[in-house]
Peer 1: 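Got a structure for you, questions after.
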Amino acid sequence: MKITVIGLGYIGLPTAIMFANHGQQVIGIDVKKNVIEMLNEGKLHIEEPGLKEELHRAISSGNFTAQFEMEESDAFIISVPTPNLPDAYRSCDLTYVKDAVQKIIPFLKRGNVVILESTIAPRTTEDVVKPLLENAGFIIGEDLFLVHCPERVLPGKIIHELVHNNRIIGGVTPNCVEAGKRVYGVFVKGELIEASAGAAELSKLMENTYRDVNIALSNELSKIGDALHINALEVIEMANKHPRVNLHSPGPGVGGHCLAVDPYFIVSAAPEQTPLIQQARVINNSMPNFILDKINGFMKKINGKKITICGVTYKGDVDDIRESPALQIVQLLDEQTDFALSIFDPHVKKPWIETDFEAAVHSADLLVILSDHSEFKWITEENLNSMNQKNIFDTKGIIQIKRNQEVNIFDMGSLYQMKKKNSLAPLSALSTGGNEWKKQ
Ligand code: SAJ
């Protein structure tokens, strides 16, 4: 089968490569010149474990080419961005989706399958895309098949989840569902779930909204624990021992182009019916300022001058800083305080990111962990010897060092400790111990 994938981002590119490595002839199309050039040279513009090897396999087999020009194909997969519009309910911007549909229309033939993978507002497939294709003279379900097949892969585990997650095949008609199943049956080992296009759209959005609302509940719990001087993380650990309770992890906020985006697509489609979803977004969006207040209060108490921020990505072990609450906190600190700031993130290459851990923590009074990168598990007490005061505020629960006389460690469960007068270990005698970090 010849497949054209439009949009070579975090989802489109792995999807295109997966089809190519399962014997299909795949063309990858993107509007970014550097993306096309990098991919054809076997280089990646995104960080995803295992993807580079898969890309090289796809190129060397001759089954994958990245290019600008559209070509006739058996199936067209649209995986372009659908950001929020800056309107009252931050509705779904369908500009790129509509552009992509217009671009493929001249190349469509009878029997083709058009698949929308982008996360879209409820009813988009039926009410927006279907009319565009019908206006071009096609009868959906007879000479053209239209499917919404949302992705559910977790960045950082995309290669595995693309194959093993089940997939919802949301067809405009039953024939469309069958056509969609024939395409994804090429490599999906998970269940191919038959659905209507509308149910597929809303299911995808609800999956992320469910997570956003549950994270908001835990973020609210961290505020309750702060007010009542009760350790919220201990409460979560105990409550989750109940067979039907799954409290999520509180943190510095909810980032990424999924949970921080998708709930608004439901809200903007049904604003009167979504008070809970809207309030959850308000709570999660309040976390960067909440964390800033904790940092400010603590630094004033210890008369701190310098803060080292570890992690600016929206979550651990990715290089994605889109909608990152960590980055919001850095910006708030920069705009609203006079603290010296040093930023360290081994996954992000930017001029303002310190590449040497020891240099980043040198003379710092507080180390704030905002992304749970695996590398931060290996931070040892010795790595902190160049700090002025050994204080850690670990908002992601990744640090393995145990709190002791030398190091003060706070997390989302012990926020109330940051306010206490005597919550500090005495200053440690500065030593020039070796830097384990560099040797990792
Ligand atoms: N987060 C918390 N507490 C938690 C879990 C996550 O604060 O207990 C934060 C993370 O730090 C991050 C944000 O929420 O800032 C999103 O994290 P995530 O683990 O949900 O990761 P995403 O957004 O990359 O992936 C989600 C996944 N959706 C679900 O798990 C329901 C993934 O399966 C989707 O395919 C993806 O969104 C997407 O592309 O829609």
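When a ligand or atom number is given, it counts from 1 through the structure's own listing order. Just so you know, these numbers use all the heavy atoms, side chains as well, and skip hydrogens, waters and symmetry mates.
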Peer 1: Taking the six-membered ring where the residue is Trp, are the ring centres of Phe376 and His373 under 6.0 Å apart?
Peer 2: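 Yes; His373 has its ring centre under 6.0 Å from that of Phe376.
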Peer 1: Please say whether more than 12 non-hydrogen atoms of neighbouring residues, nucleotides or ligands are located less than 6.0 Å from NZ in Lys306.
Peer 2: yes
Peer 1: Measure from the ring center of Phe410 to the ring center of Phe393 and say whether it is less than 6.0 Å.
Peer 2: no
Peer 1: What pairs meet the salt bridge (Lys or Arg N to Asp or Glu O under 4.0 Å) rule with one or both residues in residues 159-172, with sequence neighbours excluded?
Peer 2: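 Checked against salt bridge (Lys or Arg N to Asp or Glu O under 4.0 Å) - neighbours excluded - the pairs reaching residues 159-172 are Glu117-Arg167.
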Peer 1: What residues come within 4.0 Å of ligand 1, counting heavy atoms only?
Peer 2: Glu151, Arg152, Val153, Leu154, Pro155, Lys204, Glu207, Asn208, Arg211, Ile215, His248, Ser249, Gly253, Val254, Gly255, Cys258, Leu259, Tyr314, Lys315, Lys396
Peer 1: Do the charged groups of Lys350 and Asp345 touch, with an N to O distance under 4.0 Å?
Peer 2: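 No.
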Peer 1: CD1 of Ile399 to CD1 of Ile379: how many Å apart, nearest 0.5 Å?
Peer 2: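 Rounded to the nearest 0.5 Å, the CD1-CD1 separation comes to 4.0 Å.
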